[in-house]
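Worksheet for the structure shown next.
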Protein chains: 2
Amino acid sequence: MVDIKKTRSSCGLSQSLDIFGDKWSLLIMRDLVYFGKETYGDLLKMDEGIATNVLADKLVVLEKEGLITKEIFVGSKSKFKYKLTQKGIDIYPIIMEIIFWGATYCEVYPEQKAIVKMSKENRDAFVQDIMKNKLKELKEKN
Amino acid sequence: MVDIKKTRSSCGLSQSLDIFGDKWSLLIMRDLVYFGKETYGDLLKMDEGIATNVLADKLVVLEKEGLITKEIFVGSKSKFKYKLTQKGIDIYPIIMEIIFWGATYCEVYPEQKAIVKMSKENRDAFVQDIMKNKLKELKEKN
DNA sequence: CTATTTACTTGCAAATTACAAGTAAATGCT
DNA sequence: AGCATTTACTTGTAATTTGCAAGTAAATAG
């Protein structure tokens, strides 16, 4: 059985939304990029309370789409480590842009508002800094 | 009956995704911002083929969330005009960032790839230019 | 005055998400 | 060695969302 990927159109927006256009994927990516989470258990503890089966499903999709990789923890056979690929790291500017919007129009916690204010003043430097760090981690391939 | 909005967390990302984190909302916004569509019928014709009930539902949500307004067409009683608010226009940088990502990682049509390449070279100017135009339209309140 | 356009609503099937519980291998503790 | 716990899930079922086809009702067009 060939698994044909049905794209709704050849617009980059719709194709992207076919991958991460849901209520959970970007939150998972946020926790991986921003909060440095690495395991299923860590992700499960996210503030928003994701269901176990939804997390498991999304991780499979994100891996299949090449945004993350799954590898065995060194020294432990029962633990897996989810890591971002370059493709996954590149999602970060999108997340940041949404957080910027949210800081203006939603009632977010003051801490986030402050971070946003600070980072907006030098948007590119901020975004690129975090991405560079993630990329370095990725290349260190530990 | 008070309609309590249940937010999953006080993070701007999750709250934003509660509003437009689905497969359709941003495509509707794209057509309004980018392709200058204004009516239900125009939106229904989008390339991705949205179902009539889904479009109707999403328009209600987007209006309730203050991203768009609905007004009667001047000179026609059976037509409605959907227009972006400032809050809606501010979604544009998010859409653009996703299109940028899509241009790198999805198989988008060449035309879009070219536009992205051009606009990436001067990202801020490009995004702000479109937003300024939309804002001008909004303020002309015709 | 009939046909078409415009903006939907309705009904029902299919897919996705939510919630609770269970499982199975690995590890930690005594 | 043996039992409890951790880790990473799977399974089942209910609720919600989406997809598709059809219908409707007011307004306009010929």
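Numbered from 1 within each chain, the chains take letters A, B, ... in sequence-line order.
Linking Ile, Leu, Val, Met, Phe, Trp and Tyr whenever their side-chain heavy atoms come within less than 4.5 Å puts I98(B) and L17(B) in one cluster. The hydrophobic cluster containing L135(A) also contains Y82(A), counting ILVMFWY residues as joined when their side-chain heavy atoms lie under 4.5 angstrom apart, directly or transitively.
For dC8(C), the OP1/OP2 oxygens have a side-chain nitrogen or oxygen of Y82(B) closer than 4.0 Å. Side-chain N/O atoms of K70(A) include one lying less than 4.0 angstrom from OP1 or OP2 on dC9(D).
Among all heavy-atom pairs drawn from E107(A) and Q15(B), the shortest one is O-NE2, 3.0 Å. Nearest heavy-atom pair across G102(A) and S16(B) is CA-OG, 3.6 Å.
Remark: P of dT5(C) and CG of D42(B) are 14 Å apart, rounded to the nearest angstrom. For K81(A) and dC9(D), the NZ to P distance is 15 Å, given to the nearest whole Å. In this structure, D22(A) places its CG atom 10 Å from C1' of dT16(C), rounding to the nearest Å. Between W24(B) atom CH2 and dT16(C) atom C1' there is a gap of 15 Å when expressed in whole angstrom units. Between the P atom of dT16(C) and the CD1 atom of I50(A) lies a distance of 15 Å, rounded to the nearest Å. Here dT17(D) presents its P atom at 15 Å from NZ of K23(B), a figure rounded to the nearest Å. Atom-to-atom, CG of L59(B) to C1' of dC8(C) comes out at 10 Å; the value is rounded to the nearest Å. Whole-Å rounding puts the L55(A) CG to dT16(C) C1' distance at 15 Å.
Comparing D57(B) and K58(A), the nucleotide of DNA chain C nearest to each residue sits closer to the 5' end for D57(B). In terms of position on DNA chain C, the residue among F80(B) and A51(A) whose nearest nucleotide sits closer to the 5' end is F80(B).
Counted by atom type alone, D90(B) and Q86(B) present one or more donor-acceptor pairs between their side chains at under 3.5 Å.
Residue-level contact check: F73(B) touches neither bases nor backbone, having no heavy atom under 4.0 Å from any strand.
Applying the 3.5 Å distance criterion, the base of dT10(D) shares a donor-acceptor pair with the side chain of T52(A). Not a single donor-acceptor pair, N or O on each side, falls under 3.5 Å between the base of dC8(C) and the side chain of N53(B).
Side-chain proximity of A56(A) to the nucleotides dC9(D), dT6(C), dA8(D) is greatest for dC9(D). Considering only side-chain atoms of K79(A), the nucleotide from dG19(D), dA8(D), dA18(C) that sits closest is dA8(D).
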